[in-house]
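Here's the structure we're looking at; comments come further down.
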Protein chains: 2
Amino acid sequence: MKWDELEEEPCSMARTIGVIGDRWTLLILRECFLRTRRFEGFQSALGITRHLLAERLKKLVRQGVLRRIPYQESPKRHEYILTQKGLDLYPIMMALVHWGDTHMVDERGRPLLHEHRKCGKMFDPVMVCSECGEPLSAKEVHVHPGPGARPALAKASLDKKAKPKSRRVTA
Amino acid sequence: MKWDELEEEPCSMARTIGVIGDRWTLLILRECFLRTRRFEGFQSALGITRHLLAERLKKLVRQGVLRRIPYQESPKRHEYILTQKGLDLYPIMMALVHWGDTHMVDERGRPLLHEHRKCGKMFDPVMVCSECGEPLSAKEVHVHPGPGARPALAKASLDKKAKPKSRRVTA
DNA sequence: CAATATAGTTCTAAAATTGAACTGTCAAAT
DNA sequence: ATTTGACAGTTCAATTTTAGAACTATATTG
């Protein structure tokens, strides 16, 4: 499967993965949330090759996750800042950090603590139901096909002998 | 940077990315949450090459995200099911889906809807502060070094001439 | 006995990533 | 006036990963 195909899958998770689902992109986004804005900043913070960094930044701009804005003329220089679409990735970032905090810390404890400005306390992120406010767990959630679901495959038309070139990516 | 180095970074996000931060692994995990358990099931649902699938499943088992359990003798067959550590990835999955639902849907709408058993309603996942229950956004959160933080680099010891083989990955 | 199902392994070709050097503009230092 | 350094990339060969296809192995079904 090519990676641009991912974004056309009828699956929101696959589409998201098509945009941010690779290792360097996720690390670049971490830096964005830690207020890194410039090429050299990303490069020296991450040790990514300049080639890949340029490539990934270009893609994130194309996708509307980052905006490239000039911060000086002559020589023209730009910085990369999160758009609203990019800022909306925050829950994903926090979920990743929290899982690491829960399952991947060593004896020394957490590398970072998070303080919530509004209440002034150190906190963990909790994912809750928008309707009832209760914390979510996989077992309490049922999925239903939505309006954008792939139409159910007609079982009768599935010829066992046919060798499809690539199989579906969505359940 | 090698990928096993990621897991030793003093950054919970980098460590998490080291475990689940590649495209196929994320898609495999999506299938796990949709109740796929067997090799052929993953393969035909995803169209992943058998080689990579075997490799990724092995890694997820090694990391304690999946458990490999026999479901028949002769020929010995196993299925892959989520451990608690794996189930704890649920908020990450939901955050990915929700971002896609918000920013990547086409005219037809969402591919999947989610029903919360407890309250019976279709919902969106919302990330809130564990202490005050308010929804979180990047601007309201401040980070502090935790007990497992990398000790601050002594500025004086940074020799500009020294060419470090690989730069730090953590801010 | 041949075909099918399941869960892999092995191999080669193609694609992505690394590492290192190179380009170009401008400001500051010698 | 010339060299040095900061910044933001680009280019290219070598290595690593992934894709695609075929093959192995065990047991059941027709």
Side-chain angles (χ1 to χ4, degrees), chain A residues 1-6 17-18 21-28 31 36-62 66 68-81 158-167 169, chain B residues 1-6 17-18 21-28 31 36-62 66 68-81 158-167 169:
Chain A
M1 185 181 32
K2 310 301 171 339
W3 279 120
D4 19 340
E5 292 175 40
L6 253 192
I17 292 171
D22 83 284
R23 292 151 133 138
W24 283 124
T25 299
L26 286 165
L27 290 171
I28 288 167
E31 287 307 307
T36 299
R37 292 161 146 77
R38 301 185 184 176
F39 193 93
E40 294 294 320
F42 291 109
Q43 204 284 319
S44 72
L46 296 173
I48 184 176
T49 64
R50 311 176 72 77
H51 179 38
L52 259 202
L53 176 57
E55 224 253 324
R56 293 290 197 269
L57 288 173
K58 222 170 271 176
K59 181 174 176 191
L60 286 170
V61 169
R62 214 167 47 237
L66 298 180
R68 186 163 172 273
I69 32 185
Y71 69 90
Q72 69 169 42
E73 294 295 318
S74 84
K76 251 187 187 294
R77 298 265 185 260
H78 302 82
E79 45 191 17
Y80 296 90
I81 62 160
L158 289 175
D159 181 358
K160 294 273 198 100
K161 251 48 190 172
K163 201 180 73 181
K165 184 136 177 26
S166 90
R167 315 295 266 284
V169 167
Chain B
M1 185 179 34
K2 310 301 173 342
W3 279 121
D4 20 340
E5 292 175 38
L6 254 192
I17 291 170
D22 82 285
R23 291 151 134 141
W24 283 125
T25 299
L26 287 166
L27 289 170
I28 289 167
E31 288 307 307
T36 299
R37 294 162 146 74
R38 300 185 185 176
F39 193 92
E40 294 294 319
F42 290 109
Q43 205 283 319
S44 72
L46 296 173
I48 184 177
T49 64
R50 311 176 72 76
H51 179 38
L52 260 201
L53 176 57
E55 224 254 323
R56 293 290 197 270
L57 288 173
K58 221 171 272 175
K59 181 173 175 191
L60 286 169
V61 169
R62 212 166 49 237
L66 298 179
R68 187 163 171 272
I69 323 194
Y71 68 90
Q72 70 170 41
E73 294 294 321
S74 85
K76 252 186 186 296
R77 297 267 185 259
H78 302 83
E79 45 190 14
Y80 297 89
I81 62 160
L158 289 174
D159 180 358
K160 293 271 196 103
K161 250 48 189 172
K163 201 180 75 179
K165 188 144 174 19
S166 89
R167 314 295 268 284
V169 167

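Keep in mind the model is a prediction, meaning the values are calculated, not measured. Chain identifiers are assigned alphabetically (A, B, ...) following the order of the sequence lines, protein sequences preceding nucleic acid strands; residue numbering begins at 1 within each chain.
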inquiry  = Using a 4.0 Å heavy-atom cut-off, does Arg56(A) contact any base of the nucleic acid, only the sugar-phosphate backbone, or nothing at all?
reply    = sugar-phosphate
* To do: Please work out if Ser74(B) contacts a base, only the sugar-phosphate, or nothing of the nucleic acid, heavy-atom cut-off 4.0 Å.
  =>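 Since only primed, P, OP1 and OP2 atoms lie under 4.0 Å of Ser74(B), the category is sugar-phosphate.
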In whole Å, what is the span from the [atom1] atom of [X] to the [atom2] atom of [N]?
X: Gln72(B); N: dA27(D); atom1: CD; atom2: P; answer: 10 Å
X: Leu52(A); N: dT15(D); atom1: CG; atom2: P; answer: 18 Å
X: Leu46(B); N: dG20(D); atom1: CG; atom2: C1'; answer: 16 Å
X: Asp4(A); N: dA15(C); atom1: CG; atom2: P; answer: 12 Å
X: Ile48(B); N: dT17(D); atom1: CD1; atom2: C1'; answer: 13 Å
X: Glu73(B); N: dT28(D); atom1: CD; atom2: P; answer: 12 Å

Which sits closer to the 5' end of DNA chain C, Pro75(A) or Pro75(B), going by the nucleotide each is nearest to?
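Its nearest nucleotide being more 5', the pick is Pro75(B).
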Do any N or O atoms from the side chain of Glu79(A) and from the backbone of Pro70(A) form a donor-acceptor pair under 3.5 angstrom?
no
Quiz prompt | side-chain contact (heavy atoms from CB on, under 4.5 Å) assessment of Ile28(B) paired with Ile48(B) | solution = CA-CA 9 Å; Ile28(B) 289 167; Ile48(B) 184 177; 4.2 Å; yes
Side chain to side chain donor-acceptor pair (under 3.5 Å) pairs touching residues 47-56 of chain A, sequence neighbours excluded, are Asp22(A)-Arg56(A), Thr25(A)-Arg56(A), Glu40(A)-Arg50(A)
Note to self: Could you check whether Tyr80(A) and Arg68(A), counting side-chain N and O atoms only, form a donor-acceptor pair closer than 3.5 Å?
What the structure shows: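 There is such a pair (donor and acceptor under 3.5 Å, judged by atom type) between the side chains of Arg68(A) and Tyr80(A).
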Check whether any side-chain N or O of Trp24(B) sits under 4.0 Å from OP1 or OP2 of dA19(D), and answer yes or no.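 Answer is yes, contact under 4.0 Å.
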Q. With a 4.5 Å limit on heavy-atom distance, are the side chains of Leu6(B) and Leu27(A) in contact?
A. yes
Considering only nitrogen or oxygen atoms on both sides, find all protein atoms under 3.5 Å from nucleotides 7-13 of chain C and state each distance.
from	atom 1	to	atom 2	distance (Å)
dA7(C)	OP1	Tyr71(B)	OH	2.6
dA7(C)	OP2	Glu40(B)	N	3.2
dA7(C)	O4'	Arg77(B)	NH1	3.3
dA7(C)	N7	Glu40(B)	OE2	3.2
dA7(C)	N7	Arg50(B)	NH2	3.0
dG8(C)	OP1	Arg68(B)	NH2	3.2
dG8(C)	OP2	Tyr80(B)	OH	2.8
dG8(C)	N7	Arg50(B)	NE	2.9
dG8(C)	N7	Arg50(B)	NH2	3.0
dG8(C)	O6	Arg50(B)	NE	3.1

key: Tyr71(A) six-ring centre to Arg38(A) NZ/CZ under 6.0 Å and within 45° of normal   =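 Because its charged atom sits under 6.0 Å from the ring centre and within 45° of the axis, Arg38(A) does stack over Tyr71(A).
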